[in-house]
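Below, chains carry the letters A, B, ... as their sequence lines are ordered, and counting in each starts from 1.
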Amino acid sequence: MTLDEQNAIFQRWIRSHLGLMVKVVRSFADGAADQDDLLQDILVNLWSSIHNFRGAAKETTWIYRVSIQTAMVWRRGERRREKHRSSYVQEVLARQRLGTNSDGDDRELIEQLYAAIRQLPKVDASIALLHLEGLAYREISEALGLSENYVGVKLSRIRSWLIEQLGGSSN
Amino acid sequence: MTIEQGEPMSFDDLKSKWLAHDHGIPLDINAELLLREVRRNHRALELQLWQRDFGEVVAAALITAVFATLAVSLHEWSLLLCAAGSLVVGCFFVVDRWRQRLRRSSFGDSLISTIEASLLEVEHQIWLLRNILWWYLLPLVPGIVTFLATTSWQASGEGLAQQVIIVVVGFICAAAFWSVYRINQREVKVTLEPRRIELEELRSRLDSSDRCS
């Protein structure tokens, strides 16, 4: 793969799927500095991983996989690239924090949901996020390298726990 | 329907709201600018790693050269032992870094292989710092001890002041070695051990997923 091809794929993924990465970031990191740090790591790893992308998995599955893998081994408060931060990534996250068109109630609910996901163990948080994103059990197991059976068992507990945290019913 | 309004909410309602929510993602992303910054970041990180390794090797090579030059120019052959010690440390460092680079996992592999690669890296760092006495400090000791003993023996007829200076230098070296050792053991305890435990927990969760299947 040439550098131009790698760059073109990265730009296409950014235009179409940046939202996926931001959702992963918000599900694993709290606070502007940590979110910025994690998104910077995800973007660099995603760019580097393009060489390994063979098209066997769907693009979105690949992006989720790389983003979640990065989030799993990322460590809160570890500032490795203080001097090499991308100011544009900071700007994107700042705009994301300000800009939501949904009404206030939904926004509050989603914020509480993100906070609840962040309390889960990392593997469970990944399963919860991918399930909320509408991925089927098979796709979740493919993205995370877990068995479908395990995903199913875990999900029933995670769903109940999340709904309990938000004060609803788990049906 | 919100959580405050009392009506029970199902998970499917929650999922619908999640999917309908825009999450505030900006639509007008400048992908070209982002790419430029990400590539700059990537290069900076690679350069940072390379500079760190290169710096360590250059430092070891310089110390070796300085000791060797001093040994030859001052006819103080005990300094050759210090040069050899520095060379041993430098060579160990180069071989270790080279072996670690070969073991790196790339993102996009399976989740468990990424976590195992991170765990191996942390375990290796712990091993390095726990054993810093053997591979970093001890190779330098014979040279320093021999140099101080030789100097002390040569200065035996020159009065007490010379001997005191040599003893003070010996204590300063010992204190420096002790500090290096303690700082590294503290790093293991405060930073690396919690990290290892965290990664082991993650791995055991994934292992239990395999058993579950």
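To the nearest 0.5 Å, the span separating NE2 on H21(B) from OH on Y114(A) amounts to 7.0 Å. Expressed to the nearest 0.5 Å, how far CG of N45(A) lies from OG1 of T114(B) amounts to 9.5 Å. To the nearest 0.5 Å, atom CG of residue L206(B) and atom OH of residue Y150(A) are 7.0 Å apart. Summarising the geometry, atom CG belonging to L18(A) is positioned 7.0 Å from atom CG belonging to L34(B); distances are rounded to the nearest 0.5 Å.
Two residues are said to be in side-chain contact when any heavy atoms from C-beta on lie closer than 4.5 Å; K23(A) and W18(B) meet this criterion. In this structure, the side chains of F11(B) and L132(A) come closer than 4.5 Å at one or more pairs of heavy atoms.
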Next item on the list: Step by step, work out the side-chain contact (heavy atoms from CB on, under 4.5 Å) result for L109(A) and L14(B).
Entry: CA-CA 9 Å; L109(A) 180 68; L14(B) 195 59; 3.9 Å; yes
Check: Does the pair R195(B) and V73(A) meet the rule for a side-chain contact (heavy atoms from CB on, under 4.5 Å), with working shown?
Finding: CA-CA 9 Å; R195(B) 177 75 176 141; V73(A) 294; 3.8 Å; yes
Next item on the list: Apply side-chain contact (heavy atoms from CB on, under 4.5 Å) to Q40(A) and E37(B), showing your working.
Entry: CA-CA 10 Å; Q40(A) 308 255 7; E37(B) 296 207 357; over 6 Å; no
Note to self: Working note: D12(B) + R159(A), criterion side-chain contact (heavy atoms from CB on, under 4.5 Å); need CA distance, chi angles, decisive distance, verdict.
What the structure shows: CA-CA 9 Å; D12(B) 291 334; R159(A) 283 165 64 111; 3.6 Å; yes
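Heavy-atom contacts from other residues, nucleotides or ligands closer than 6.0 Å to OH of Y136(B) number 12 or fewer.
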Validation: residues 168-188 of chain B side-chain donor-acceptor distances under 3.5 Å, sequence neighbours left out:
| from | atom 1 | to | atom 2 | distance (Å) |
| --- | --- | --- | --- | --- |
| S179(B) | OG | A175(B) | O | 2.8 |
| N184(B) | ND2 | V180(B) | O | 2.6 |
| Q185(B) | NE2 | L129(B) | O | 2.8 |

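K122(A) pairs with exactly one of R205(B), E198(B), E201(B) by the side-chain contact (heavy atoms from CB on, under 4.5 Å) rule, that one being E198(B).
Comparing R15(A), M72(A), R26(A), H51(A) by how many heavy-atom pairs each has under 4.5 Å with chain B, the most go to M72(A).
Looking at R39(B), the atoms closer than 4.5 Å to chain A (heavy atoms on both sides) all sit in the side chain, from C-beta outward. Heavy-atom distances place the side chain of L3(A), and not its backbone, under 4.5 Å from chain B. There is no contact between I63(A) and chain B, counting heavy-atom distances below 4.5 Å. With a 4.5 Å cut-off on non-hydrogen atoms, T70(A) touches chain B through its backbone and its side chain both. Both the backbone and the side chain of E133(A) come within contact range of chain B, with heavy atoms under 4.5 Å apart. Residue contact with chain A, scored on non-hydrogen atoms closer than 4.5 Å, involves the backbone and the side chain of L35(B) alike.
For A84(B), there are no side chain to side chain contact (heavy atoms under 4.5 Å, CB included) partners two or more places apart in sequence or in a different chain.
For the residue pair L144(A) and L111(B), the shortest heavy atom distance occurs at O-CB, 3.3 Å. Of all heavy-atom pairs between G134(A) and L19(B), the closest is N-CD2, 4.5 Å.
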